[in-house]
Amino acid sequence: MKKGQYYRLLLSTTANPTKVIAAAKTMSLHGSAQTEESSTKDTTGDALEYDVVGQSYDITGSGLVLTPSDSLNTGANGLNDMEGYVQDTMLYWRICLMEGTNNRTVVEEIAHGTCKCTQLQMQGQNKQNASYNYTLNGYGAIVVGTAPSND
Amino acid sequence: MSKIKGQNFRLMMAGSAVPEETNVSITLTGNAEDTSTKDTEGLFTQETIVSTAWSAQVDSYQAEPSQLRAIITTFIAATEVAVGWDQTTGAAGTQNRTPANANFKRSGQALLNDFTMQFDDRATVNVSLQFQGTGALS
């Protein structure tokens with residue numbers, strides 16, 4: 001059973017992102033469909049019928065704040081990068097199964113898409129590591145990754 | 001008294017038990033209207049079920065890339081999938097997945113209207129699926 005740390009978000013302002021979130025702690029992909037009750041007088045019985053009339057998704061997560069000089073920031077998204085994303089700039093994301101040193105080598109992709117960063121919240125609490133939470137709102141459809149030939 | 005354990009009460013997708021299932025919740029709803037009128041004596045309402053609906057929510061530890069891609073594919077398709085529930089047998093080697101065709105077994109069509117994949121550090125991957133039933137159960 002694969003554990004959560006092996007699935008990581010890669011994020012960039014350019015397509016096919018390769019930069020993970022440095023020192024990431026959590027990450028969640030959430031999809032939601034807007035349904036509409038669509039039964040009519042032609043529908044037999046009392047049971048309601050529904051149609052999907054809209055879809056949306058978001059990605060949320062959290063990470064620890066590293067010092068800017070920390071080597072783990074190299075080739076990854078740190079707090080400064082995330083702060084720069086909170087604007088109307090298209091972001092490209094991938095969620096991938098990872099392996100290797102610092103879990104930063106892509107094994108295979110689960111899905112990818114585009115999004116906008118709508119919230120970044122930083123926390124500095126006494127006697128705790130400084131951390132931040134982010135929210136990415138999906139822009140357009142989720143694209144399912146291609147399974148490796150041996151999957 | 002012969003009781004069924006929670007691990008043997010499972011959600012079925014396309015006739016097969018959801019793999020690595022940890023929890024399932026099924027809700028049947030009767031939408032009621034108060035049909036009391038001025039002709040009704042007293043203060044109490046008189047409820048009439050005018051429509052019925054059902055939904056199901058299941059949590060699982062599905063963590064293989066192929067399983068995760070399949071869930072997203074189902075969501076994107078936005079089409080009905082066969083969903084139901086049944087007792088499963090707990091015989092050795094069956095992973096509690098063999099349908100027992102219990103008398104409370106039900107099946108119907110549903111839309112995957114919500115999913116959450118939680119990937120946390122040092123934790124099992126948790127996948128939560130919510131289905132909105134469409135049409136009657138059989």
Side-chain angles (χ1 to χ4, degrees), chain A residues 1-9 23-39 43-64 95-98 103 107-113 141-148 150-151, chain B residues 19-20 22 28-32 48-55 60-81 106 108-138:
Chain A
M1 190 175 292
K2 292 182 174 60
K3 295 188 175 61
Q5 64 263 37
Y6 299 112
Y7 286 100
R8 300 195 72 163
L9 176 72
K25 288 291 286 182
T26 68
M27 188 267 288
S28 173
L29 171 64
H30 171 233
S32 181
Q34 180 187 349
T35 57
E36 183 177 285
E37 193 263 295
S38 58
S39 44
T43 306
T44 304
D46 288 340
L48 297 176
E49 294 183 344
Y50 292 86
D51 286 335
V52 174
V53 295
Q55 291 177 313
S56 61
Y57 72 94
D58 59 73
I59 299 169
T60 56
S62 64
L64 301 183
I95 293 175
C96 295
L97 177 65
M98 312 291 281
N103 287 326
V107 179
E108 58 183 288
E109 181 184 288
I110 305 304
H112 69 268
I142 303 174
V143 181
V144 179
T146 303
N150 62 348
D151 199 15
Chain B
E20 279 83 52
T22 58
L28 308 182
T29 304
N31 297 307
T48 299
I49 303 293
V50 294
S51 64
T52 60
W54 64 278
S55 61
S60 69
Y61 288 153
Q62 296 182 79
E64 291 302 320
S66 58
Q67 293 173 319
L68 301 175
R69 282 191 288 263
I71 291 166
I72 298 171
T73 299
T74 300
F75 175 77
I76 292 171
T79 54
E80 297 172 2
V81 293
R106 296 289 181 271
Q109 297 294 307
L111 299 164
L112 176 58
N113 68 335
D114 195 284
F115 76 89
T116 300
M117 296 174 177
Q118 190 73 40
F119 307 103
D120 291 349
D121 186 40
R122 271 57 179 184
T124 52
V125 174
N126 191 61
V127 175
S128 179
L129 308 176
Q130 291 182 27
F131 294 94
Q132 173 64 62
T134 177
L137 291 162
S138 59

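Residue numbers begin at 1 in each chain, while the letters A, B, ... track the order of the sequences. From a predicted model like this one, the values you see are computed outputs, not experimental measurements.
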Heavy-atom proximity to chain A below 4.5 Å, by part of [X]:
| X | result |
| --- | --- |
| N126(B) | neither |
| L111(B) | side chain |
| V127(B) | neither |
| A123(B) | backbone |

Task: Smallest separation among heavy atoms of E108(A) and P65(B), with atom names - done: OE1-CB, 3.3 Å

Task: Minimum heavy-atom distance between A53(B) and Y50(A), given as atom pair plus value - done: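 It is CB-OH, 4.1 Å.
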
TODO: Take D114(B) and H30(A), measure what side chain to side chain contact (heavy atoms under 4.5 Å, CB included) needs, and give me the verdict at the end.
DONE: CA-CA 7 Å; D114(B) 195 284; H30(A) 171 233; 2.9 Å; yes

TODO: Working to the nearest 0.5 Å, report the span between CG of D121(B) and OG of S62(A).
DONE: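 If I round to the nearest 0.5 Å, the distance is 9.5 Å.
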
Name the region of [X], side chain, backbone, both or neither, that has any atom closer than 4.5 Å to a heavy atom of chain B.
| X | value |
| --- | --- |
| A111(A) | side chain |
| Q34(A) | neither |
| L97(A) | side chain |
| T35(A) | side chain |
| D58(A) | neither |

TODO: Please examine the side chains of L68(B) and I95(A), heavy atoms only from C-beta on, and report whether any two atoms are closer than 4.5 Å.
DONE: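 I95(A) does not reach L68(B) side chain to side chain.
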
Open item on the list: Could you check whether any side-chain heavy atom of E64(B) comes within less than 4.5 Å of a side-chain heavy atom of K2(A), counting everything from C-beta outward?
Closed with: yes

Kindly say whether [Y] contributes a backbone atom to a donor-acceptor pair with the side chain of [X] at under 3.5 angstrom?
| X | Y | result |
| --- | --- | --- |
| Q55(A) | F75(B) | yes |
| Q5(A) | R122(B) | yes |
| R8(A) | F119(B) | no |

Task: When L29(A), T26(A), V52(A) are compared by non-hydrogen pairs under 4.5 Å with chain B, the top option - done: L29(A)

TODO: Assess the side chains of S28(A) and Q118(B): does a donor N or O sit below 3.5 Å from an acceptor N or O?
DONE: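 The criterion, which ignores hydrogens and geometry beyond distance, is satisfied for Q118(B) and S28(A).
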
TODO: Sort out for me which of T52(B), T116(B), V50(B) touches chain A most, counting heavy-atom pairs under 4.5 Å.
DONE: T52(B)

Task: Residue among T73(B), I71(B), I76(B), T124(B) with most heavy-atom pairs under 4.5 Å to chain A - done: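 Most heavy-atom pairs under 4.5 Å with chain A: I76(B).
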
